[in-house]
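On a predicted model such as this, the values are computed, not experimentally measured, just so you know. Letters A, B, ... are given to chains in the order of the sequence lines, protein chains preceding strands, and every chain is numbered from 1.
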Number of protein chains: 2
Amino acid sequence: MGVYTDLREKLISDYATLSPQMQKAARHILDHPNDVALRSMRALARAANVPPSTVTRLMAAIGVDTWQQFRDSYQNRLLDLPASYAHRARELQNSEADIHRDAHLLQSIAAAEIANIGHAFAPEMCECMKDACEHIARARQVFVVGRGAAYPAAYQFAYAYRLFNENGVLVDGHAGAFGDQLRGIGPRDVLIAVGARPYIRDTVRAVAFARKQHCPVIAVCDSNVAPIAVDAVAKLVVSDRSPSFFQSFTTSVSVMQALVALLVARGGQKVLQRIAVAEEQLAAFDAYHEEAAPTRNSRS
Amino acid sequence: MGVYTDLREKLISDYATLSPQMQKAARHILDHPNDVALRSMRALARAANVPPSTVTRLMAAIGVDTWQQFRDSYQNRLLDLPASYAHRARELQNSEADIHRDAHLLQSIAAAEIANIGHAFAPEMCECMKDACEHIARARQVFVVGRGAAYPAAYQFAYAYRLFNENGVLVDGHAGAFGDQLRGIGPRDVLIAVGARPYIRDTVRAVAFARKQHCPVIAVCDSNVAPIAVDAVAKLVVSDRSPSFFQSFTTSVSVMQALVALLVARGGQKVLQRIAVAEEQLAAFDAYHEEAAPTRNSRS
DNA sequence: CCGGATTTGCAACGAATGTTTCAATTATGC
DNA sequence: GCATAATTGAAACATTCGTTGCAAATCCGG
């Protein structure tokens with residue numbers, strides 16, 4: 001259970017033992033939790049018709065050191081975040097440096113990754129993913145481009161997608177054939193572009209080219225105003241915050257996987273059969289080590 | 001349409017015409033809308049790395065009188081969100097169960113990914129990662145191998161690692177040169193192998209070869225008894241559970257990134273300088289897209 | 001009714017807020 | 001190439017913030 005819930009229950013359980021003025025404050029907090037998150041303490045006190053000091057005293061009475069802590073819990077509730085992670089993520093914002101000990105660093109990374117994924121699967125993002133799927137499902141050909149650190153995410157999608165659809169093209173610029181691979185791209189296709197700051201020229205140019213051919217673009221990136229996101233038909237903006245020196249592309253990979261999962265779910269039985277066929281082919285090519293079974297997740 | 005939406009679209013549409021510093025601020029606002037609602041203007045400015053006055057000027061530029069008004073819109077969005085989602089969810093339940101199922105699937109994926117990462121950064125795993133780092137830091141050459149769906153994780157590590165060390169080799173079997181790339185591998189090197197069920201033959205054979213040459217192996221895999229994990233000097237066993245049809249390699253990517261972060265932290269200032277040099281080289285190669293848009297001339 | 005303990009509100013504090021002003025710098029047009 | 005305009009960051013501004021100290025008010029057992 002979240003910290004917010006704890007505080008709320010403490011307010012309720014201790015309500016009877018509080019002084020009359022504190023009860024007025026507590027009552028207002030219980031009735032208007034959003035005011036705690038959004039308005040200032042003094043504003044809350046005015047609304048509850050008590051002096052500010054009463055609210056401070058109420059904090060002390062329920063065992064909270066500072067109003068800031070109290071407010072943070074209520075803000076996290078509004079964000080619908082797991083409080084513990086959000087709290088740690090915020091700690092990172094403040095500390096910045098002094099992460100020299102390995103254990104600290106790793107814990108910070110974990111917290112950041114979890115927070116990033118949490119944001120990536122927020123309701124509004126889910127809507128965007130579904131929109132993106134619509135476009136992909138309708139497309140004649142599905143191009144995927146991602147360079148540098150974003151390449152894994154692009155590759156990941158292309159690899160999985162090609163297991164059940166033959167119209168996927170990974171634009172990886174092998175042998176310099178960057179333009180070659182985009183040949184024939186048009187309005188009925190779709191280009192999925194992955195990239196974050198610093199944006200790599202090849203990716204930006206691929207997007208620009210696709211746009212010029214009136215091909216819709218799905219952008220998986222770090223900003224709504226990223227050069228690859230302008231004019232995109234679907235923007236999947238993921239956070240790549242990381243306490244380490246490098247930005248994290250974990251979330252991009254996760255989102256790309258989620259897109260595949262949505263497509264598979266949408267495709268139904270037919271897609272599953274295609275995947276089975278593809279895996280048989282791989283097995284026939286002797287790609288798998290002996291003990292192997294299907295690629296899929298069903299563990300025995 | 002809410003006021004928030006209007007403001008957001010105004011920011012996006014006017015983005016190109018804003019001054020560089022205002023773009024920085026606008027970008028941060030677009031990418032972190034919750035910060036607007038919950039944090040102070042100065043805190044936002046700090047996060048965006050601009051002076052407070054820039055934010056005030058941005059308000060004037062987009063036709064908003066005061067920060068208070070701007071913030072109110074973002075706060076209202078936060079308050080309206082839950083309601084609108086509840087409404088939409090009900091809508092979907094009545095009409096089509098399909099889309100509702102999509103949302104459920106995505107939430108399950110998110111939960112699984114978060115759980116996987118949580119396990120990957122458990123204390124005992126952190127110990128293993130530190131051990132792995134010791135071996136990597138001591139190694140003459142660092143080979144990385146991962147095929148199929150595991151390739152992104154391997155690539156990710158190799159890409160980042162090569163930014164600050166020249167002894168990294170990504171064994172990707174391009175042009176069939178799988179054996180070539182492992183030539184000369186020996187006891188003083190280290191091989192990082194990534195793979196999960198079904199284990200791909202190439203990876204297993206690369207590990208076997210390395211072992212025969214008495215090269216220590218670090219295995220990032222899904223099981224302690226995976227063929228690539230036997231005799232491994234460090235086993236990083238990650239969970240790849242996913243409600244989708246495919247297994248998830250998100251955690252592998254995350255762990256590989258964490259290894260890089262540890263190595264960077266261990267390397268200290270010297271490593272940071274090397275990274276800076278590497279990025280300058282990339283910039284010299286014209287690899288990056290020009291950021292500071294000089295296209296903001298036409299003032300109307 | 002009283003005296004000690006608790007509760008309450010006011011005032012003041014330092015810190016932080018949002019905004020404005022103003023030089024210094026940078027870019028731009030002619 | 002220079003004059004003009006636009007952009008920028010630091011400093012100062014009046015407010016507002018959360019908190020604390022203290023005196024007045026209130027309560028309550030004797």
Provide, to the nearest angstrom, the distance between the [atom1] atom belonging to [X] and the [atom2] atom belonging to [N].
X	N	atom1	atom2	answer
A:R71	D:dC17	CZ	P	10 Å
A:L44	D:dT19	CG	C1'	16 Å
A:L18	C:dT6	CG	P	16 Å
B:Q21	C:dA27	CD	C1'	14 Å
B:L58	D:dA6	CG	C1'	16 Å
A:Q69	D:dG18	CD	P	14 Å
A:D72	D:dG18	CG	P	12 Å

So which protein N/O to nucleotides 19-26 of chain C N/O distances come out below 3.5 Å?
residue : atom : partner : partner atom : Å
C:dT19  : OP1  : B:T66   : OG1          : 2.5
C:dT19  : OP1  : B:W67   : N            : 2.8

Basic-acidic side-chain contact under 4.0 Å: B:E166, B:R274: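 Salt bridge flag = no for B:R274 with B:E166.
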
Could you pull out all donor-acceptor pairs under 3.5 Å where a side-chain atom in residues 14-24 of chain A meets a protein atom, sequence neighbours excluded?
residue : atom : partner : partner atom : Å
A:D14   : OD2  : A:K10   : NZ           : 2.8
A:T17   : OG1  : A:D14   : O            : 2.9
A:Q23   : NE2  : A:Y15   : O            : 3.0
A:Q23   : NE2  : A:L18   : O            : 3.3
A:K24   : NZ   : A:N49   : O            : 3.4

If we ignore hydrogens and angles and just use 3.5 Å, is the side chain of A:T54 paired with the main-chain N or O of A:V50 as donor and acceptor? no

Pair listing, ring pair (Phe, Tyr, Trp, His ring centres under 6.0 Å) test, anchored in [range], at least two apart:
range	answer
residues 43-67 of chain A	A:W67-A:F70
residues 28-61 of chain B	B:H28-B:H32
residues 256-282 of chain B	none

Taking 4.0 Å as the cut-off, does a side-chain nitrogen or oxygen of B:S40 come that near to OP1 or OP2 on C:dT17?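 It does, given that an N or O in the side chain of B:S40 lies less than 4.0 Å from OP1 or OP2 of C:dT17.
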
Taking atom types as modelled, find out whether A:Q181 and A:D172 have a side-chain donor-acceptor pair closer than 3.5 angstrom. yes

A:S252 and side-chain contact (heavy atoms from CB on, under 4.5 Å): which single residue from A:V220, A:D222, A:N116, A:L236 fits? A:V220

For residues 22-30 of chain A, which residues have at least one heavy atom under 4.0 Å from DNA chain D? none

Within-4.5 Å side-chain heavy-atom neighbours: A:S223 and A:K235: no

